[in-house]
Undergrad: 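Structure in structure tokens, see below.
Hydrogens, waters and symmetry mates play no part in the numbers below; they use all other heavy atoms, side chains included. Since this is a predicted model, take the numbers as computed values, not measurements.
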Amino acid sequence: MPVTNLPIIKGDRTDARADYTDALPVNLTAVARSILGASGYLLSHAGLTLHGIGLGKDRAGYWNERLNIHFRVSGNDLVSVAADGAVVSLGTITGTKQASMTHSFNTQSIVVDGRWWLYDGTTLTRQTDTDLGVPIDHTWIDGYYFFTDGESIYHTDITDETSISPLKFETSEFSPDPTLGVSTTSDNQVIVFNRYTTEYFINRAAENFAFKRISGKAVKCGAVGTFATTELDSKFFVIGGGRDETVSVHVISAGTYTSIATREVDQILATYTDAKLQNAVLETRVEDDDKFLVARLPNHTLLFNATIASKLGKESAWTIVKSGVKDSTKWRGTNGVFDPRIAQFVYGDNQNTNIGILDRNVASQYGEQVETLFYSPLVNLETASIDELEIDTIPGHQINSSNVTLAISQTTNGFSYGKEIWSTISSPSAYQLRYINYMLGYVDQNVGYKFRCVTTERVNFLNIKVTYG
């Protein structure tokens with residue numbers, strides 16, 4: 001009988017606009033590895049296990065290698081998180097919004113809700129220089145704290161990191177759009193993110209404002225919000241775009257920018273207005289040679305694997321991560337920090353005050369089951385009868401004693417799916433167990449499959465092999 005192998009990293013579906021779209025996997029990340037005839041496979045996204053309890057809503061996280069402290073803004077407190085997860089308040093920080101954090105040789109700095117605090121290892125002090133204004137973001141470079149208030153860019157005095165002179169102000173003048181964020185590049189320049197443009201500045205020790213604009217490096221692409229920017233592998237990524245462009249996810253380099261989003265990701269972003277995306281957050285995570293970009297949107301969490309994109313293309317690099325089994329529930333993890341004392345990524349939580357460790361032994365989040373989904377491409381098997389469908393996987397390695405089951409449902413139009421058929425995909429120590437479904441029926445023309453699993457265990461999927469006659 002004829003056999004066809006279906007890739008699983010990205011599937012197909014159709015929508016109500018009479019369009020073909022990507023069916024992104026959910027809570028599964030692609031791994032680029034040539035094995036058993038496949039160029040890659042899907043593996044459960046790591047789970048979260050409890051590390052500590054914060055003092056309120058998690059608003060930022062930061063590892064300070066000078067002070068050797070894991071800081072978090074937790075509710076209205078600046079806290080330290082010990083290696084064993086113990087949380088200690090270091091002082092009060094008012095406000096409710098996401099916080100910007102950076103540090104100098106001497107202090108940990110926090111900007112949030114238009115206010116600025118410094119922690120010197122002993123005392124947390126709000127800074128009240130009359131020329132501070134209402135900062136929204138900041139970075140540290142060459143002995144200066146460097147700020148933006150949404151219009152101007154300015155910095156502290158080189159001899160006093162708590163003092164700001166009224167002469168040390170400038171604007172990003174490539175375009176009149178508002179300035180939303182600042183950061184420091186790997187080659188020690190300031191990158192200034194405006195709404196529709198991005199500029200670079202370098203320290204020339206000039207009188208008054210010490211930095212000079214770098215001609216020729218400006219980019220006609222900006223960020224939609226202060227925290228919709230991040231650095232990964234010495235490159236800057238933004239959620240945003242240029243004037244008269246829809247919002248996308250871009251990688252910015254000197255003078256140019258490129259979208260790394262697929263049509264499906266752009267369509268998800270298109271469900272939000274600029275105002276709703278102002279609080280979007282981009283984060284990064286690097287582990288096992290995988291370089292992840294985490295896009296935290298109001299109702300979605302999207303994951304981009306830059307390593308997969310470089311090897312298999314950006315169409316295979318995007319997945320959706322979420323909590324629980326509800327379709328619209330975004331992933332709980334926020335403000336990830338790699339803590340070198342425990343060699344683990346530590347996250348806050350958007351549902352409660354949990355502080356959790358990213359745990360690659362489980363798929364669950366604080367013991368709760370998660371739903372994983374993946375889809376096959378649509379294939380033309382006109383007038384065929386599907387006799388067998390087998391999935392290559394790695395069974396038998398559960399932490400818990402219960403079986404792991406997988407549901408399969410079939411579509412002939414890429415839009416609506418039939419009844420789910422549940423079968424065991426893994427049992428404890430049953431290392432030779434095979435997942436095969438028989439007699440799936442007659443196909444008029446096109447056919448595709450959806451696979452769904454609800455479990456606390458990590459799962460792995462490699463190939464879909466369809467036998468038909």
Undergrad: Can you name the ring pair (Phe, Tyr, Trp, His ring centres under 6.0 Å) partners of F292, sequence neighbours left out?
TA: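 For F292, no residue satisfies ring pair (Phe, Tyr, Trp, His ring centres under 6.0 Å) once neighbours in sequence are set aside.
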
Undergrad: Quick check: does any side chain N or O of T184 sit under 3.5 Å from a backbone N or O of V190, one acting as donor and the other as acceptor?
TA: no

Undergrad: Give a yes or no on whether the backbone of G396 and the side-chain of S426 come within a donor-acceptor separation of less than 3.5 Å.
TA: yes

Undergrad: Rounded at 0.5 Å granularity, tell me how far CG in D444 sits from CD in E382.
TA: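 Here the rounded value is 8.5 Å.
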
Undergrad: Among side-chain atoms of K450 and Q410, is any donor-acceptor pair under 3.5 angstrom?
TA: no

Undergrad: Going by salt bridge (charged side-chain N to carboxylate O under 4.0 Å, His left out), name the residues that satisfy it together with D339, two or more places apart in sequence or in a different chain.
TA: R341

Undergrad: Test your reading of the model: is there a side-chain donor-acceptor pair from D288 to the backbone of D290, 3.5 Å cut-off?
TA: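 Checking the backbone N and O of D290 against the side chain of D288, no donor-acceptor pair under 3.5 Å is found.
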
Undergrad: Does the side chain of L124 come within less than 4.5 Å of L90's, by heavy atoms?
TA: no

Undergrad: Looking at V362 and R458, what are the two nearest heavy atoms and their distance?
TA: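 Heavy atoms only, the tightest pair is C-CG, 3.4 Å.
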
Undergrad: Under the 3.5 angstrom rule, does the side chain of N305 hit a backbone N or O of T307 as a donor-acceptor pair?
TA: yes

Undergrad: Please check if any side-chain donor atom of N188 sits under 3.5 Å from a side-chain acceptor atom of T185, or the reverse.
TA: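 N188 vs T185: no donor-acceptor pair found between side chains.
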
Undergrad: Would you check if there is a donor-acceptor pair between the side chains of E420 and S409 at a distance under 3.5 Å?
TA: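 No, no side-chain donor-acceptor pair sits under 3.5 Å.
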
Undergrad: Taking all atoms of both residues into account, what is the closest heavy-atom pair of L433 and T424, and its distance?
TA: CD2-CG2, 4.0 Å

Undergrad: Testing the basics here: between A223 and T229, what is the closest heavy-atom pair and its distance to 0.1 Å?
TA: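 Closest pair (atom of A223, atom of T229, distance): CB-CG2, 3.5 Å.
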
Undergrad: If you look at every heavy atom in P25 and T319, which pair is closest and at what distance?
TA: CG-CG2, 3.5 Å

Undergrad: State plainly whether the residues R72 and D58 are in salt-bridge range, i.e. N to O under 4.0 Å.
TA: yes

Undergrad: Flag the pair K330 / K322 as yes when at least one side-chain heavy-atom distance between them is below 4.5 Å, and no otherwise.
TA: no

Undergrad: Can you confirm whether L297 sits close enough to I268 that some side-chain heavy atom of one is under 4.5 Å from a side-chain heavy atom of the other?
TA: yes

Undergrad: If you compare all heavy atoms of I9 against all heavy atoms of A30, which two are closest, and at what distance to 0.1 Å?
TA: CG2-CB, 3.9 Å

Undergrad: Are the side chains of S104 and S109 in touch, meaning some heavy atoms are under 4.5 Å apart?
TA: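 No, side chains not in contact.
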
Undergrad: How far does OG1 of T334 sit from CZ of R296, to the nearest 0.5 angstrom?
TA: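 Here the rounded value is 5.0 Å.
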
Undergrad: Any side-chain heavy atom of V404 sitting closer than 4.5 Å to one from Q398?
TA: yes

Undergrad: Using a strict cut-off of less than 4.0 Å between a Lys/Arg side-chain nitrogen and an Asp/Glu carboxylate oxygen, indicate whether E264 and R13 qualify as a salt bridge.
TA: yes

Undergrad: Would you mind listing every ring pair (Phe, Tyr, Trp, His ring centres under 6.0 Å) that reaches into residues 414-436, with sequence neighbours excluded?
TA: H397-Y431

Undergrad: Would you confirm whether N27, through its side chain, and L373, through its main-chain N or O, come within 3.5 Å as a donor-acceptor pair?
TA: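 Not at all, since once roles are kept as given, no pair shorter than 3.5 Å links the two residues.
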
Undergrad: Between the side chains of N194 and T197, does any donor sit under 3.5 Å from an acceptor?
TA: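 Distance-only check passes for N194 and T197.
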
Undergrad: Given Y257 and V238, is the side chain to side chain contact (heavy atoms under 4.5 Å, CB included) satisfied, shown in steps?
TA: CA-CA 10 Å; Y257 65 102; V238 300; over 6 Å; no

Undergrad: I'd like to know if the side chain of E231 and the backbone of F236 have a donor-acceptor N/O pair within less than 3.5 Å.
TA: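 Such a contact is absent between E231 side chain and F236 backbone.
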
Undergrad: Show your working on side chain to side chain contact (heavy atoms under 4.5 Å, CB included) between S259 and S248 and close with a plain yes or no.
TA: CA-CA 7 Å; S259 174; S248 187; 2.9 Å; yes

Undergrad: Does any N or O in the side chain of S89 come within less than 3.5 Å of the main-chain N or O of V79, such that one atom is a donor and the other an acceptor?
TA: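 No, the answer is negative, given that no donor and acceptor are paired below the 3.5 Å cut-off.
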
Undergrad: Check salt bridge (charged side-chain N to carboxylate O under 4.0 Å, His left out) between D187 and all other residues, then give those that pass, not counting sequence neighbours.
TA: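 Salt bridge (charged side-chain N to carboxylate O under 4.0 Å, His left out) list for D187, sorted by chain: empty.
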
Undergrad: Check the pair S323, Q365 against side-chain hydrogen bond (donor to acceptor under 3.5 Å, both in side chains), reporting the backbone distance first and the verdict last.
TA: CA-CA 7 Å; S323 297; Q365 296 168 25; 2.4 Å; yes

Undergrad: Going through the distances and angles, do E287 and R285 end up as a salt bridge (charged side-chain N to carboxylate O under 4.0 Å, His left out)?
TA: CA-CA 7 Å; E287 56 179 343; R285 185 172 78 239; 2.9 Å; yes

Undergrad: Can you name the closest pair of heavy atoms from I357 and H51 and give their distance?
TA: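 The pair with the smallest heavy-atom distance is CD1-ND1, 3.4 Å.
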
Undergrad: Distance only, no hydrogens: is a donor on one side chain within 3.5 Å (strictly under) of an acceptor on the other, for T411 and N413?
TA: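 The criterion, which ignores hydrogens and geometry beyond distance, is satisfied for N413 and T411.
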
Undergrad: Going through the checks in order, is the side chain to side chain contact (heavy atoms under 4.5 Å, CB included) test met by Q445 and V443?
TA: CA-CA 6 Å; Q445 186 178 17; V443 176; 5.6 Å; no

Undergrad: Please determine, by modelled atom types, if E388 and Y438 share a side-chain donor-acceptor pair under 3.5 angstrom.
TA: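 No, because no side-chain N or O of E388 sits under 3.5 Å from a partner of the opposite role on Y438.
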
Undergrad: Tabulate below the donor-acceptor pairs under 3.5 Å that side-chain atoms of residues 459-469 make, not counting sequence neighbours, or state none.
TA:
from	atom 1	to	atom 2	distance (Å)
N463	ND2	L36	O	3.1
N463	ND2	D392	OD2	3.4

Undergrad: Under 3.5 Å, is there a donor on one side chain and an acceptor on the other for N403 and S427?
TA: yes

Undergrad: Between S74 (side chain) and D77 (backbone), is there a donor-acceptor pair under 3.5 Å?
TA: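 Here the side-chain-to-backbone pair does not exist.
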
Undergrad: Could you go through Q108 and L118, starting from their C-alpha distance and side-chain angles, then the distance that decides it, and tell me whether this counts as side chain to side chain contact (heavy atoms under 4.5 Å, CB included)?
TA: CA-CA 6 Å; Q108 173 66 45; L118 290 177; over 6 Å; no

Undergrad: Kindly compute the distance separating CD1 (I239) from CG (L277), expressed to the nearest 0.5 Å.
TA: 7.0 Å

Undergrad: Does the side chain of D113 come within less than 4.5 Å of T94's, by heavy atoms?
TA: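 A side-chain contact under 4.5 Å is absent here.
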
Undergrad: Would you say that L381 contacts I386 through its side chain, given a criterion of any heavy-atom pair below 4.5 Å between the two side chains?
TA: yes

Undergrad: What's the separation between atom CD1 in I391 and atom OH in Y449, rounded to the nearest 0.5 Å?
TA: 11.0 Å

Undergrad: Hey, would you say the H103 and Y62 ring centroids sit under 6.0 Å apart?
TA: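 Ring-ring flag for H103/Y62: true, centres closer than 6.0 Å.
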
Undergrad: For S100 and D137, does a side-chain donor sit closer than 3.5 Å to a side-chain acceptor?
TA: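 Their side chains do contain a donor-acceptor pair, which is all the 3.5 Å distance test asks for.
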
Undergrad: Are the side chain of K314 and the backbone of A261 linked by a donor-acceptor contact shorter than 3.5 Å?
TA: yes

Undergrad: Are any of the side-chain nitrogens in R195 or D274 under 4.0 Å away from the carboxylate oxygens of its partner?
TA: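 D274 and R195: salt-bridged.
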
Undergrad: N354: what forms a side-chain contact (heavy atoms from CB on, under 4.5 Å) with it, not counting sequence neighbours?
TA: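 side-chain contact (heavy atoms from CB on, under 4.5 Å) list for N354, sorted by chain: L50, I53, R332, D349, N352, Y366.
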
Undergrad: Please step through ring-ring contact (aromatic ring centres under 6.0 Å, His included) for the pair F451 and F374, ending with a clear verdict.
TA: CA-CA 5 Å; F451 303 89; F374 67 100; 4.7 Å; yes

Undergrad: Take the angle between the ring planes of W331 and Y347 and call it parallel below 30°, perpendicular above 60°, tilted in between.
TA: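 Judged by the thresholds at 30° and 60°, the geometry between W331 and Y347 is perpendicular.
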
Undergrad: Over 60° means perpendicular and under 30° means parallel, so tell me whether F304 and W318 are parallel, tilted or perpendicular.
TA: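 Aromatic pair F304/W318 classed tilted.
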
Undergrad: Side-chain contact test, heavy atoms from C-beta onward, threshold under 4.5 Å: evaluate it for V112 versus I93 and give yes or no.
TA: yes

